[in-house]
Novice: 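The structure that follows is given in the form of structure tokens.
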2 protein chains.
Amino acid sequence: MAEMDETDHSLLRMLREDGRRTFSEMAAEVGLSVAAVKRRVDRMRESGVITGFTAQVDHAKLGWGIEAFVELRYAGTTPVREIVASAYTVQEVQAVFTIAGDPDALVQVRVRDLDHLQQVIDGLRRSGQITGTKTLMVLGSWSRA
Amino acid sequence: MAEMDETDHSLLRMLREDGRRTFSEMAAEVGLSVAAVKRRVDRMRESGVITGFTAQVDHAKLGWGIEAFVELRYAGTTPVREIVASAYTVQEVQAVFTIAGDPDALVQVRVRDLDHLQQVIDGLRRSGQITGTKTLMVLGSWSRA
DNA sequence: ACTGAAATCGCTGAATT
DNA sequence: AATTCAGCGATTTCAGT
């Protein structure tokens, strides 16, 4: 677990709110020099606390308006790495969570329309030793990020 | 739905891979001038395709090592906005997805340990007209981000 | 819509305390 | 571990095409 003081937490919060905020802006806000802020952010990257930076995208604006979670149940003999690997081969899969208990995995997918969702679910069913699925269609989502 | 050409998609892909990539780098890669690239990225922000930029964080390195999804079922009379609002009052909630059918909502939480998880689930149960919960503990996760 | 140039502003590393 | 400073590179705006 990384050593982080209050200033580091402030910088991290600022970068989560706006990943392109400049070192100068942040330096003014925390009351340090630009070089000191850069050093701290570099350190958070090196220690692995910050794993990267990314643009946040409104997928609906790109015509991928449908989001769903698919609960997957696998045959008892399926190893975890195979569960993940098989789900991941489906391009529309955004994230895979392996789960303790039932279901075995929760897969987040993003698709253009319901036909497309049907195809993706079929793809998931074909991609491993799957014994059952349950699809949770997302009506709305709110994220703290 | 926003009008995006192939160049826009390339720029968007680059910014999803590294949200702090410079305009100069991207300009070299797509074969346009820096000013043209800036104009396109500005346009994607204005049109809402890009909603922001953020730092990606390894929460386990900060001591928040446990992730879970909690399926929530509400009393039939509960309006959606109240479902979201009540779940959101719990600080450890990372995201709320309202769902068509059963369950009514899927809530992603991040906590320090199992005691903490217990408290968060109790908090969720208290925060609205909840008739049932089911917790899915995440063992591992892989994201395309 | 893109280019190129000019001015501004921010980043980076080295020397210093 | 923070500061200051100097050199360099990136951003931003604008006139021209």
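Any value given below was found using the heavy atoms of this structure, including those in side chains, with hydrogens, waters and symmetry copies removed. Below, read A as the first sequence line, B as the second, and so on, with proteins coming before strands; counting in each chain starts at 1.
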Novice: Just verifying a value: how many Å separate B:Arg40 CZ and B:Thr7 OG1, rounded to the nearest 0.5 Å?
Specialist: 4.5 Å
Novice: Please enumerate all residues that pass salt bridge (Lys or Arg N to Asp or Glu O under 4.0 Å) together with A:Glu92, with sequence neighbours excluded.
Specialist: none
Novice: Is it true that atom CZ of A:Arg81 has more than 12 heavy atoms of other residues, nucleotides or ligands lying nearer than 6.0 Å?
Specialist: no
Novice: As a quick check of understanding, evaluate side-chain contact (heavy atoms from CB on, under 4.5 Å) for B:Val30 and B:Met14, giving each step before the final call.
Specialist: CA-CA 10 Å; B:Val30 299; B:Met14 291 180 219; 3.4 Å; yes
Novice: Run the side-chain contact (heavy atoms from CB on, under 4.5 Å) check on A:Glu25 and A:Asp18 step by step: do they pass?
Specialist: CA-CA 11 Å; A:Glu25 268 182 22; A:Asp18 178 3; 5.5 Å; no
Novice: Identify the pairs formed between an N or O of the protein and an N or O of nucleotides 15-17 of chain C at a distance under 3.5 Å, and give each distance.
Specialist:
none

Novice: How many Å lie between CG on B:Leu32 and C1' on D:dT11, as a whole number?
Specialist: 17 Å
Novice: Contact list please: residues 2-13 of chain B against DNA chain C, heavy atoms, distance less than 4.0 Å, in numerical order.
Specialist: none
Novice: Return the set of residues passing salt bridge (Lys or Arg N to Asp or Glu O under 4.0 Å) with B:Arg110 (not counting sequence neighbours), or none when no residue passes.
Specialist: B:Glu67
Novice: Would you say B:Glu17 has more than 12 foreign heavy atoms packed within less than 6.0 Å of its CD?
Specialist: yes
Novice: Taking both distances under 3.5 Å as the test for a Watson-Crick or G-U pair, what stems of at least three pairs does DNA chain D have?
Specialist: C:1-17 with D:1-17
Novice: Measure from CZ on B:Arg45 to C1' on D:dT11 and round the result to the nearest Å.
Specialist: 14 Å
Novice: Under the salt bridge (Lys or Arg N to Asp or Glu O under 4.0 Å) rule, what pairs show up with a residue in residues 46-66 of chain A, not counting sequence neighbours?
Specialist: A:Asp58-A:Lys61
Novice: side-chain contact (heavy atoms from CB on, under 4.5 Å) for A:Val70 and A:Val120? Distances and angles first, verdict last.
Specialist: CA-CA 10 Å; A:Val70 185; A:Val120 168; over 6 Å; no
Novice: Which residues in residues 15-25 of chain B have at least one heavy atom lying under 4.0 Å from any atom of DNA chain D?
Specialist: B:Thr22, B:Phe23, B:Ser24
Novice: Name all residues meeting the salt bridge (Lys or Arg N to Asp or Glu O under 4.0 Å) criterion together with B:Asp122; count only those two or more places apart in sequence or in a different chain, and write none if there are none.
Specialist: none
Novice: Taking the hydrophobic residues Ile, Leu, Val, Met, Phe, Trp and Tyr, and joining any pair whose side-chain heavy atoms are under 4.5 Å apart, which ones share a cluster with A:Phe69?
Specialist: A:Phe97, A:Ile99, A:Leu106, A:Leu136, A:Val138, B:Phe69, B:Phe97, B:Ile99, B:Leu106, B:Leu136, B:Val138
Novice: Determine whether B:Leu15 and B:Leu32 fall in the same hydrophobic cluster, where Ile, Leu, Val, Met, Phe, Trp and Tyr are linked whenever their side-chain heavy atoms lie under 4.5 Å apart.
Specialist: yes
Novice: Among residues at least two apart in sequence or on other chains, which ones pass salt bridge (Lys or Arg N to Asp or Glu O under 4.0 Å) with A:Asp113?
Specialist: none
Novice: Should A:Val111 and A:Leu114 be counted in the same cluster of Ile, Leu, Val, Met, Phe, Trp and Tyr side chains packed under 4.5 Å apart?
Specialist: yes
Novice: With sequence neighbours left out, which residue pairs that include part of residues 130-144 of chain B fulfil the side-chain hydrogen bond (donor to acceptor under 3.5 Å, both in side chains) condition?
Specialist: B:Arg125-B:Thr133
Novice: Return the residues of residues 33-40 of chain A meeting this criterion: a heavy atom under 4.0 Å from some atom of DNA chain D. Order them by number, or give none.
Specialist: A:Ser33, A:Ala35, A:Ala36, A:Arg39, A:Arg40
